[in-house]
Participant: 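Input: one structure, supplied below.
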Amino acid sequence: MSGSLVIVGLGPGSSDLLTPAAARALRAATDLVGYGPYLDRIPENISGQRRHASDNRVEVERARHALALAAEGRQVAVVSGGDPGVFAMAAAVFEAIEIGDPAWRELDIHVEPGITAMLAAAAEVGAPLGGDFCAVSLSDNLKSWETIERRLRAAAQGDFVIALYNPASKARPHQLGQAFNLLRTIKSPQTVVLFVQKAATPETRVIVATLAEADPALADMRTLVIIGATATRLIPRTGRRPWVYTPRAETGMAR
């Protein structure tokens with residue numbers, strides 16, 4: 001087949017954090033496919049380049065459309081916020097390939113990584129992901145809340161730093177509070193909790209709290225919530241927000 005498909009990570013928001021390789025892939029595409037607000041982040045400076053916008057909750061349908069365009073010989077870029085392999089479009093594309101037209105498996109397909117939200121959020125506050133960490137999406141659109149609770153409990157018992165994606169939406173205003181309540185049964189009340197809204201943009205807002213006082217109303221879908229491990233600590237600064245980091249070594253381990 002003469003067509004190709006690249007799944008491109010746009011990064012967390014600022015155009016400065018779009019990788020040069022991702023920018024080249026966007027410029028080379030004849031067709032851009034993606035969620036409308038993500039396509040709006042890409043300057044319209046390529047003559048003849050077509051845009052195919054769709055709603056936020058039709059990922060597999062969007063992937064099928066992109067694959068069909070590539071099968072017709074188009075050079076297609078599927079755009080995704082952050083990194084396309086983290087709770088995003090890369091998995092949707094490969095899901096569509098697995099269950100779709102066998103010919104799609106012969107297409108020239110690759111993934112162009114981007115900076116995911118938890119990395120951008122961590123960079124705003126220091127190095128909270130300096131030790132072992134995990135990421136959990138609180139969205140129950142594609143998995144049950146029981147599964148989410150089981151994974152949160154396991155992460156808390158393992159003393160991982162936990163990055164919470166999709167912490168809240170208009171349809172799910174209560175789930176972050178439920179997650180906090182579960183974590184409070186396992187972790188110390190003094191556990192560091194970070195709310196980082198709109199990371200890597202001029203509108204970035206950071207709130208440092210403890211698990212005991214963390215208010216779920218502080219989060220929206222543009223917020224990344226980080227729950228610290230036992231070792232996560234603050235470095236106070238005069239008149240400024242403290243740095244937050246998780247040491248690389250366990251207490252008592254030689255360095």
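From a predicted model like this one, the values you see are computed outputs, not experimental measurements. This chain uses plain numbering: 1 for the first residue, then up along the sequence.
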Participant: Applying salt bridge (Lys or Arg N to Asp or Glu O under 4.0 Å) as the test, list every pair that has at least one member in residues 3-18; sequence neighbours left out.
Facilitator: none

Participant: Can you pull the ring-ring contact (aromatic ring centres under 6.0 Å, His included) pairs that have at least one residue in residues 156-183, sequence neighbours excluded?
Facilitator: F87-Y165

Participant: Hydrophobic cluster mates of V58, side-chain heavy atoms under 4.5 angstrom, ILVMFWY only, any path?
Facilitator: none

Participant: Considering only Ile, Leu, Val, Met, Phe, Trp and Tyr, and joining two whenever side-chain heavy atoms are under 4.5 Å apart, list the other residues clustered with V60.
Facilitator: none

Participant: Quick one: side chain to side chain donor-acceptor pair (under 3.5 Å) partners of D101, sequence neighbours excluded?
Facilitator: none

Participant: Restricting to salt bridge (charged side-chain N to carboxylate O under 4.0 Å, His left out), what partner residues turn up for K198, sequence neighbours left out?
Facilitator: none

Participant: Taking side chain to side chain donor-acceptor pair (under 3.5 Å) as the definition, give me every residue that meets it alongside T246, ordered by chain and number, with sequence neighbours left out.
Facilitator: T232

Participant: Can you list every ring-ring contact (aromatic ring centres under 6.0 Å, His included) pair that touches residues 193-232, not counting sequence neighbours?
Facilitator: none

Participant: Which side-chain N or O atoms in residues 63-74 pair as donor and acceptor under 3.5 Å with protein atoms at least two apart or in another chain?
Facilitator:
unit_1, atom_1, unit_2, atom_2, d
H65, NE2, H52, ND1, 3.3
R74, NE, D31, OD1, 2.6
R74, NH2, D31, OD1, 2.9

Participant: Name the atoms and distances for all side-chain donor-acceptor pairs under 3.5 Å in residues 145-157, with sequence neighbours left out.
Facilitator:
unit_1, atom_1, unit_2, atom_2, d
W145, NE1, E149, OE2, 3.0
T147, OG1, S144, OG, 3.0

Participant: Cut-off 3.5 Å, no hydrogens considered: what does the side-chain donor-acceptor table look like for residues 208-218, sequence neighbours left out?
Facilitator:
unit_1, atom_1, unit_2, atom_2, d
T210, OG1, E213, N, 3.4
E213, OE2, T210, N, 3.3
D215, OD1, A217, N, 2.9

Participant: Using links of under 4.5 Å between side-chain heavy atoms of ILVMFWY residues, direct or through other members, which residues join Y35 in one cluster?
Facilitator: V6, V8, L10, L18, L26, L32, Y38, L39, I42, V79

